[in-house]
Amino acid sequence: MVQEFKLNRLETTRLMGPMVDKHWKELRTAKERGEKVAWCSGVPFIFAYAMDMKCHFMAGYSAYCAGRKAGEHVLEIADSTGELPDTCSYHRMHMGMAEAVKRGIPVREDVVLPIPDLMIAGRVCPEMSHYAEALYRKFGIQVAGIEVTTPYQESDYAVLEPYLERQFKEILIPTMEEICGKPFDYDHMREILRVLKKTATIRNDCLEYFKKVPSPWTLWDYGVSLAPVIYLMGKPETIPYYEKLRAELEERSKNNIPAILPEEKHRVFWDGWLPWGFLGHFSRKLTSYGANPISGRYPWEMFPRPDLIDPEGDPVHTFVKALYTGTMLGNNMAKPGLSLIDKIIPEYQIDGLIFFTAKSCRIWKSQLTILEKMERKYGIPGLCLEADMADPKMFSDAQIDTRLNAFFEVLEARKEKRRWV
Amino acid sequence: MEKVLSRFMELSTDPYASVAKWKEDTGKKIIGCFPMRIPEEIVHASGMLPVVMWRGNEAVTLGHSYVHNFNCGLTRSFIDDVMKEKLDFMDGMIFYRSCLQAEEVPSTIELNAPPRHFLYLYLPPLYPGAVFRDFLIQQLKRMKENIEGWAGQEITKDALNNSIEVYNKNRSLLKRLYELRKRKPGTIRAREMLAIVHSSMLMDKEEHSKLLESLLPELENREAIADGKVRVILTGGLCQTPHTAILDLIEEAGMVVVDDDIYIGSRYFANEVTPGDDPLGSLADRYMKKIPPDPTMGDWKTLWSDYMVDKVRENNAKGMVSLLVKFCPPHLCYYPDIKRTFDREGIPEVMIEVEHEVVSVEQTRTRLQAFVEVIKGGA
């Protein structure tokens with residue numbers, strides 16, 4: 001008889017929906033209140049927050065829009081207005097939204113974005129600058145260009161940190177001051193960093209529970225809980241959220257309650273993006289095998305070293321330090337990523353590797369190489385799932401099912417050969 | 001003339017043997033530079049031969065164990081060539097990130113088949129602010145130091161200025177060739193022009209310039225075959241060689257290429273470098289030039305589409321053929337703007353999607369023929 005599994009959802013994560021909705025509603029209605037609005041790719045949105053400017057965060061919005069099941073509609077608008085299908089689906093989503101607002105094409109109210117007063121082109125990937133360029137062409141919006149280069153290797157942090165710090169100080173801060181008509185609010189930035197430091201520290205306590213066998217929570221739960229350590233940063237309510245989450249995990253842990261019922265059968269590593277548009281879909285697929293995604297590179301990017309954040313000193317300097325030395329940037333690159341995964345596999349007792357590959361986004365470098373090296377080193381199987389973070393047209397569900405089926409068969413057969421045991 | 005042209009063609013279509021032979025003949029090192037922005041002059045000044053990495057001439061097989069099949073042709077093909085040990089004659093490789101897929105190449109190579117010398121450069125976008133030029137200079141100094149170590153000799157200011165002059169001369173000769181084509185369209189076939197520029201990326205610059213100097217006067221006397229042909233310009237192929245089969249199809253459909261905006265074309269030799277007291281600064285100045293617009297550089301104010309409209313008009317061309325490399329993010333992101341701009345300006349434009357392995361000749365032929373009919377119908 002085939003064993004049946006189900007997700008044992010956490011109570012705390014149910015609180016996240018309203019917090020996230022509130023954030024996007026405040027952004028959506030900002031113009032009505034006469035507030036300035038920025039759009040931002042990458043992490044420099046903290047500078048807009050420090051100036052009390054409502055700011056959209058590109059990846060966060062795309063995840064929100066796709067998670068709200070509105071992504072497909074917005075992507076269709078993009079396609080119908082000339083965007084090409086192989087283009088980054090986050091880029092297309094923003095172009096679709098911009099065209100919808102420009103042409104008055106109806107879009108679901110809860111995902112509408114206000115056209116910004118400033119576009120912060122935080123160029124983490126080169127493609128991120130394209131949507132700033134496109135917005136400039138469409139609306140003539142002022143752009144602040146900041147290159148947030150991803151480090152090729154750990155030894156390059158020393159070169160990249162002063163480069164980014166100078167950009168923030170010489171370009172972004174003066175632009176913010178000009179747009180907002182007031183001096184940059186360093187104290188507010190410090191306050192945001194104080195909250196972030198506390199939230200991320202408690203979050204790190206929560207991550208420790210992933211090491212427990214069986215784990216009391218899943219990467220899907222953590223995915224839902226990412227906003228407080230990224231675009232909800234600085235909101236005081238993010239601290240009690242993580243305190244509550246930690247308490248619930250402690251309770252489960254004490255009583256040996258697993259996140260997958262009746263038992264956690266397989267512990268897998270999930271590489272690449274979380275599939276925001278299809279989170280429930282993929283979680284159901286993995287759960288049906290009793291598989292719990294325990295860890296991944298992407299969720300491990302959200303300020304993993306809060307101990308390096310010193311809000312009482314120069315807030316710009318410490319923020320940059322948290323990005324590079326603090327290993328927030330760079331896990332997507334092959335060499336730092338390989339070191340991280342190499343550490344995670346034994347620490348979290350991983351049975352198999354699922355590398356989620358987004359066809360329209362190649363930010364996760366050399367995945368096939370990393371997969372091969374880790375399979376060889378630890379004797380655990382690996383699988384590349386070719387899909388997309390937001391566009392359902394990029395993959396075939398039946399193919400994914402077939403591959404998952406074969407993967408879990410191999411994983412079962414190879415369990416005795418795991419070399420971290 | 002035909003002998004020189006066939007040498008260029010041979011080098012462009014099968015660079016492996018020729019580049020390896022140059023190394024054997026001279027005993028000098030070969031350094032592969034990722035297209036499009038690495039200042040080759042620094043390598044040249046060290047006495048080594050810089051060559052621009054190329055898209056290979058066979059289908060990707062082994063490489064697909066290391067890179068996804070939805071990466072662009074250049075990245076897949078280059079990794080494939082490295083894994084097949086076809087590029088073992090390269091002593092060093094220099095990379096930077098021109099796009100997300102380009103960023104995948106260095107780590108894949110370094111982790112699987114590291115070359116003897118390896119350098120990853122951080123080259124900044126063309127954003128406003130002094131910080132970007134300062135950072136670029138810092139990176140160029142880093143590049144120079146690395147190259148000196150590889151070559152085992154210091155790169156003096158004089159050597160660098162000399163290399164700048166060598167490159168400038170080659171650029172001016174290529175420019176003369178392009179001017180000749182503008183004056184006498186049809187004198188040089190599109191595939192010949194491609195081979196000439198491409199071979200400049202693959203051989204010793206001084207030798208290439210000598211060959212060009214001998215070729216230019218002979219081409220002046222060559223018969224043009226442009227009567228009744230539709231004048232077009234080419235764009236796209238941002239960092240990689242277009243298929244010569246497609247270039248032939250364009251001509252067979254009744255068009256003549258009068259100018260182009262492709263990397264293995266006018267983009268490669270645009271803008272000279274001013275030699276002087278601060279040659280690295282001069283190289284940085286060339287890098288920071290915003291014309292021709294480069295969609296990989298993040299410059300939001302210089303519109304690529306407007307530049308191309310101007311190029312069509314300056315050349316009295318009747319239309320533009322866009323060669324869009326499959327999975328090329330910068331071109332994909334910009335194309336909607338190009339299309340809209342050309343529609344607005346009433347200039348016919350056709351986009352041909354090109355892939356490393358497959359050229360659907362008959363489909364492409366039909367589209368190009370239809371494009372010519374549209375232009376003629378509207379004339």
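A, B, ... follow the sequence lines: proteins, then strands. Residue 1 opens every chain. Note that these values count all heavy atoms, side chains included, but never hydrogens, waters or copies made by symmetry.
For the pair B/Y122 (side chain) and A/Y152 (backbone), a donor-acceptor distance under 3.5 Å is present. Side-chain N or O atoms of A/K373 include one that pairs as donor or acceptor with a backbone N or O of B/L111 at under 3.5 Å.
With a threshold of 4.5 angstrom between heavy atoms, B/K301 approaches chain A through its backbone and through its side chain. If you measure heavy-atom distances from B/P128 to chain A, the contacts under 4.5 Å come from the backbone alone. Within the 4.5 angstrom heavy-atom criterion, only side-chain atoms of A/L338, from C-beta onward, approach chain B. Only the side chain of A/I171 has a heavy atom closer than 4.5 Å to any heavy atom of chain B. In this structure, the portion of B/T296 lying under 4.5 Å from any heavy atom of chain A is its backbone and not its side chain. Both the backbone and the side chain of A/E147 come within less than 4.5 Å of a heavy atom of chain B. Proximity to chain B is absent for every atom of A/L135, based on heavy atoms less than 4.5 angstrom apart. Only the side chain of A/R137 comes within contact range of chain B, judged by heavy atoms closer than 4.5 Å. Both the backbone and the side chain of B/A130 come within contact range of chain A, with heavy atoms under 4.5 Å apart. Heavy-atom distances place the backbone of B/L123, and not its side chain, under 4.5 Å from chain A. The part of A/E99 that comes within reach of chain B is its side chain, from C-beta onward, which places non-hydrogen atoms under 4.5 angstrom from that chain. Looking at A/A358, only its backbone comes within 4.5 Å of chain B, counting heavy atoms on both sides. Using a 4.5 Å cut-off between heavy atoms, A/C88 makes no contact with chain B at all. If you measure heavy-atom distances from B/Y66 to chain A, the contacts under 4.5 Å come from both the backbone and the side chain.
Scanning both residues, A/C361 and B/L100, for their nearest heavy atoms gives SG-CD1, 4.4 Å. Minimum heavy-atom separation, B/Y127 to A/S129: OH-CB, 3.1 Å. Residues A/T81 and B/R340 approach most closely at O-NH1, 2.9 Å, considering heavy atoms. Heavy atoms only, all atoms of each residue included: B/Q139 and A/V159 are closest at NE2-CG1, 3.8 Å. Residues B/E104 and A/Q367 come closest through the heavy atom pair OE2-N, 4.1 Å. The two atoms that bring A/H130 and B/P295 nearest to each other are CE1-O, 2.8 Å, heavy atoms only.
Of the residues considered (B/L324, B/V131, B/N71), B/V131 shows the highest number of contacts with chain A, using heavy-atom pairs under 4.5 Å. Among the candidates B/S107, B/C99, B/S98, B/G129, the residue making the largest number of heavy-atom pairs closer than 4.5 Å to chain A is B/S107. Chain B forms the most heavy-atom pairs under 4.5 Å with one residue out of A/I370, A/V124, A/L371, and that residue is A/V124. Per-residue counts of heavy-atom pairs under 4.5 Å with chain B were compared for A/M95, A/Q167, A/E170, A/Q153; the largest is that of A/Q167.
Atom CH2 of B/W300 sits about 10.0 Å away from atom CE of A/M119, to the nearest 0.5 Å. Atom OG of A/S366 is separated from atom CG of B/N112 by 7.5 Å, given to the nearest 0.5 angstrom. Note: B/R97 CZ to A/K365 NZ = 8.0 Å, rounded to the nearest 0.5 Å.
Ring orientation note: the planes of B/F135 and A/Y163 are close to parallel, at an angle under 30° on the 30°/60° scale.
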Exercise. Can you check salt bridge (charged side-chain N to carboxylate O under 4.0 Å, His left out) on A/K138 and B/D337, steps first, answer last?
Worked result: CA-CA 9 Å; A/K138 281 182 204 299; B/D337 184 57; over 6 Å; no

Exercise. Could you go step by step and tell me if B/F70 and A/S360 meet the side chain to side chain contact (heavy atoms under 4.5 Å, CB included) rule?
Worked result: CA-CA 9 Å; B/F70 39 87; A/S360 76; over 6 Å; no

Problem set entry | Test log, rule salt bridge (charged side-chain N to carboxylate O under 4.0 Å, His left out), inputs A/K335 and B/E110 | CA-CA 9 Å; A/K335 288 169 82 177; B/E110 200 190 4; 3.1 Å; yes

For this session: Please test A/H91 against B/L332 for side chain to side chain contact (heavy atoms under 4.5 Å, CB included), starting from the C-alpha separation and ending with a verdict.
Result: CA-CA 10 Å; A/H91 177 90; B/L332 281 166; over 6 Å; no

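Here the side chains of B/E353 and A/D86 are in contact, with some heavy-atom distance below 4.5 Å. Counting only heavy atoms from C-beta outward, the side chains of B/Y120 and A/M333 approach each other to under 4.5 Å.
Using modelled atom types and a 3.5 Å distance limit, the side chains of A/T150 and B/E103 yield a donor-acceptor pair. Side-chain N/O atoms of A/E133 and B/Y334 include a donor and acceptor closer than 3.5 Å.
In this structure, A/R376 places its CZ atom where only 12 or fewer heavy-atom neighbours from other residues, nucleotides or ligands lie under 6.0 Å away. Summarising the local packing, NZ of B/K141 is surrounded by 12 or fewer heavy atoms from other residues, nucleotides or ligands at distances under 6.0 Å.
Interface with chain B: from residues 383-393 of chain A, residues A/C384, A/E386 qualify, criterion being any non-hydrogen pair under 4.5 Å.
For the side chain to side chain contact (heavy atoms under 4.5 Å, CB included) with A/T87, the qualifying choice from B/P329, B/P336, B/C333, B/C328 is B/C333, the only one to do so.
A salt bridge does not link A/E83 with B/K339: none of the charged nitrogens is closer than 4.0 Å to a carboxylate oxygen.
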